[in-house]
Participant: 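If you scroll down you'll find the structure; I have some questions about it.
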Amino acid sequence: MARGNRNGRKSVRPNNNGRRLATQASVDQAVKSICDIMRRGNCAGAMQYVPELTWILFLRILDEKEEREEQEAEALGVPFQPSLEAPYRWRDWGCPPECLPEGQTNKRAELQDAPQNALFNFINMELLPHLKGLKNRPDATPRQKVISEIMTGVERVRIDTERNFCDVLDKVHELSTETIDPTHVFTLSQVYEGLLLKMGEKGNDGGQFFTPRQVIKAMVQVIDPKADETIYDPGCGTGGFLAQSFEHIMNKLGNDATAEQLETLKQRTFWGREKENLIYPIALANLVLHGIDKPNLWHGNTLTGMEIYGGLFEDAPQTFDVILTNPPFGGKEGKEAQTNFDYKTGATQVLFLQHVMRSLRDGGRCGIVLDEGLLFRTNEDAFVKTKRKLLDECDLWCIVSLPAGVFTAAGAGVKTNLLFFTKGKPTKKIWYYDLSNLKVRKKSPLTLAHFDEFFRLLPQRAASELSWTVDMDERKRIADSEARPLKEQAATKGREAALWNERLKELKKAKPLDEEAIEEAEAKVKELTSQARELAAKAKEIEDAVYDLKAVNPNKKPDVDTRTPEDLIDIIEAKGREIAEALAALRSQTRIIRFDE
């Protein structure tokens, strides 16, 4: 049965009705209340309610954005062409009738008073087909093409009843840009930050697409993308790095931004790739609502090149000025992905690092999140060779060691680091900064304030208790001096083995055969070959150890127990007395209880 205005006409409220959501917790609670309705309305899991929330919230905020743009255009006396017109705008079918100015009505009011399923019929048979068809118009704008892509996977309303659907619309209507605190990155990012965080906590897959916003802000601040640069994220998730880069550039430009700069920023600056069907429309929605009219996002597998939709990635540059990314780590790639790379491995993060180096132009800058394992592992050729290529072709000028719990809340407990490098010249020195001693928990998360000293020391790469510099040229020189004698010994053993092998061949040709001499020669060849191999392996291990890039703070003072054996005995005796006194008190209480009985 269609739902009417159950409570009658309420007093007039502005479209941004509801209390101000001033904290992340309040935003999370607002989203949770929406998800609770969706769960009871046939969207039991994240695979159902995340896509449903995406398109509903997107259309709500899009309408608010276009209404604001229309008012600005009217004030300037310039024409404005909206992406959507009546009755396909949120204000027509989504806005609660009681939120309209007195005397006004809308399509939703008409549908709620109509026979059963009238609202669902309009959404499923008119609204969704109209939105999907926008990109096929000959004069379709970039925003209209993106709207169609966001709606491509939406076949129908998933929520079971019109009553539940209207409850969701009412709650989503309260998520206005005017009711959410502007100090956060962006409305939709804010909403999905809380949602994906909760998914991660429950062991779901949402956390793999989530990078804590404070980490994103710090990385963007370090790389400092400019208005005339192309910015790329090969595993963009919900689009956090691209959205934050846009905000960073806009804040730097301020009121001095030219029309040409704004046009470039909104159309040709931001590029990315995302594989997951669930996340791709969320990223598009996020970036459009952020103000990027044409987010150039490619839908497919970055590593294999398998494309799902590339229509928004046309005319993409071969290389980019800036890359900011948090690639997946811990995954295993098949041969289809490995064939595209010089150093073949199943480790997803190693292949992504190779892709990043290939995609960065000479002089381009990169900030990337990498797991600890990639930094310290030297026992697999692909890891070592990839890091050697990184240091030979790029200036890896900074590594920040993050605390262990930064990604735990998002479903990933792996220890991580931030790497910053510039392509085009080899690494001479690496400046490290250590945040690993911070205790990061749910109630005490990593904040931008934790990076204050890092930003103060970064310009001069200054030394402190938490920062130090590693001279890679010196490290290579020392390794070379240690490995060279071993390599020379290995070469000598190899030559000796070759001589004995020649002698062995001659002995086997001689008649009669000298079995004892042959046996001795075979043993010598085997022994010398083994010794040469062992020496070469030790030399290689020393040379490969150069590429163990793990942050090991030389200023960190070890915890040394200075207590003497006598001190420890005194402590044990004192604890023994405490236990004896506690047992005596317990026995005394037991006697009293028995006496009372």
Side-chain angles (χ1 to χ4, degrees), residues 31 34-35 38 43 45-59 61 146-155 158 185-213 215-216 231-246 270-290 292 295-313 324-331 333 337 348-349 352 355 369 407 409-412:
V31 176
I34 296 170
C35 294
M38 289 184 164
C43 295
M47 293 296 288
Q48 287 80 44
Y49 65 72
V50 171
E52 194 84 340
L53 179 57
T54 296
W55 72 264
I56 295 172
L57 180 61
F58 168 73
L59 293 175
I61 304 297
V146 174
I147 292 169
S148 290
E149 271 307 295
I150 290 172
M151 305 306 296
T152 298
V154 185
E155 298 299 328
R158 282 184 168 274
V185 175
F186 182 60
T187 306
L188 194 59
S189 294
Q190 208 177 356
V191 168
Y192 276 97
E193 181 171 334
L195 186 59
L196 293 178
L197 185 58
K198 290 185 182 302
M199 290 168 64
E201 286 173 347
K202 294 177 182 178
N204 294 309
D205 291 335
Q208 66 181 296
F209 310 109
F210 168 82
T211 303
R213 292 295 172 251
V215 173
I216 290 177
I231 300 159
Y232 174 56
D233 183 349
C236 67
T238 57
F241 281 109
L242 301 177
Q244 182 60 36
S245 295
F246 177 82
F270 299 97
W271 305 80
R273 297 175 188 263
E274 178 52 46
K275 180 176 73 171
E276 296 297 330
N277 296 334
L278 172 70
I279 300 301
Y280 179 70
I282 294 173
L284 287 173
N286 185 2
L287 298 177
V288 169
L289 296 177
H290 200 86
I292 301 170
N296 303 286
L297 301 189
W298 184 85
H299 189 190
N301 188 318
T302 301
L303 300 179
T304 65
M306 291 286 289
E307 180 178 285
I308 298 172
Y309 179 74
L312 297 174
F313 207 71
L324 286 155
T325 189
N326 174 17
F329 38 78
E333 301 297 327
T348 304
Q349 67 273 34
F352 259 99
H355 173 83
V369 182
F407 287 86

Participant: Between A283 and L297, what is the shortest heavy-atom contact and its length?
Facilitator: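 For A283 and L297, the tightest heavy-atom pair comes out as CB-CD1, 3.7 Å.
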Participant: Verify, without hydrogens or angle tests, whether Y280 (side chain) and E149 (backbone) share a donor-acceptor contact under 3.5 angstrom.
Facilitator: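 Between the backbone of E149 and the side chain of Y280 there is no qualifying donor-acceptor contact (under 3.5 Å).
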Participant: For E52 and R158, indicate whether the former's side chain and the latter's backbone hold a donor-acceptor pair under 3.5 Å.
Facilitator: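 Such a contact is found between E52 side chain and R158 backbone.
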Participant: Which distance, rounded to the nearest 0.5 Å, do you find between the CD1 of I292 and the CZ of F246?
Facilitator: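 I292 CD1 to F246 CZ: 5.5 Å, rounded to 0.5 Å.
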Participant: Strictly distance-based, threshold 3.5 Å: is any side-chain N or O of E333 a donor or acceptor partner for the main-chain N or O of T348?
Facilitator: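 Checked: no pair found.
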Participant: Can you list the residues that meet the side-chain contact (heavy atoms from CB on, under 4.5 Å) rule with W298, with sequence neighbours excluded?
Facilitator: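 Partners of W298 under the side-chain contact (heavy atoms from CB on, under 4.5 Å) test: R273, E307, F313.
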Participant: Does T304 have any side-chain contact (heavy atoms from CB on, under 4.5 Å) partners at least two apart in sequence or in another chain, and if so, which?
Facilitator: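 Testing T304 for side-chain contact (heavy atoms from CB on, under 4.5 Å), a comparison that skips the adjacent residues, returns N301, M306, E336, A337.
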Participant: To the nearest 0.5 angstrom, please state how far the CD1 atom of I147 sits from the OG1 atom of T152.
Facilitator: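 Those atoms lie 11.5 Å apart.
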Participant: So do the side chains of N326 and V215 get within less than 4.5 Å of each other, counting heavy atoms only?
Facilitator: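 Counting from C-beta outward, N326 and V215 never come under 4.5 Å.
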Participant: For a quick test of reading the model, state the closest non-hydrogen atom pair linking F58 to A285 and the distance between them.
Facilitator: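 That would be CD1-CB, 3.6 Å.
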Participant: Specify the closest pair of heavy atoms between S245 and L324, including all atoms of both residues, with the distance to one decimal.
Facilitator: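 So the two residues come closest at OG-CD1, 3.4 Å.
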Participant: Can you tell me how far the CD1 atom of I279 sits from the CD1 atom of I282, to the nearest 0.5 Å?
Facilitator: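 Taking CD1 in I279 and CD1 in I282, the distance rounds to 4.0 Å.
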Participant: Evaluate H299 against N277 for side-chain contact (heavy atoms from CB on, under 4.5 Å), listing each step before the verdict.
Facilitator: CA-CA 8 Å; H299 189 190; N277 296 334; 3.0 Å; yes
Participant: Taking all heavy atoms of P234 and all of F352, pick out the closest pair and write down the distance.
Facilitator: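 Smallest heavy-atom distance, with atoms named: O-CE2, 3.7 Å.
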Participant: Checking D233 now: which residues fulfil side-chain contact (heavy atoms from CB on, under 4.5 Å) with it, not counting sequence neighbours?
Facilitator: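 C236, F241, L242, T325.
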Participant: Taking side chain as C-beta onward, heavy atoms only, is I56 less than 4.5 Å from I34?
Facilitator: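 With C-beta onward as the side chain, the pair stays apart.
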Participant: What I'd like to find out is whether the side chain of V288 reaches to under 4.5 Å of the side chain of P295, using heavy atoms alone.
Facilitator: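 Yes, at least one pair of side-chain atoms sits under 4.5 Å.
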Participant: Just wondering, do W55 and P281 contact through their side chains at under 4.5 Å, heavy atoms?
Facilitator: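 Not in contact.
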Participant: Just verifying a value: how many Å separate L284 CG and I150 CD1, rounded to the nearest 0.5 Å?
Facilitator: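 If I round to the nearest 0.5 Å, the distance is 5.0 Å.
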Participant: Quick one: are I308 and K275 in side-chain contact, heavy atoms under 4.5 Å?
Facilitator: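 No; the side chains remain at least 4.5 Å from each other.
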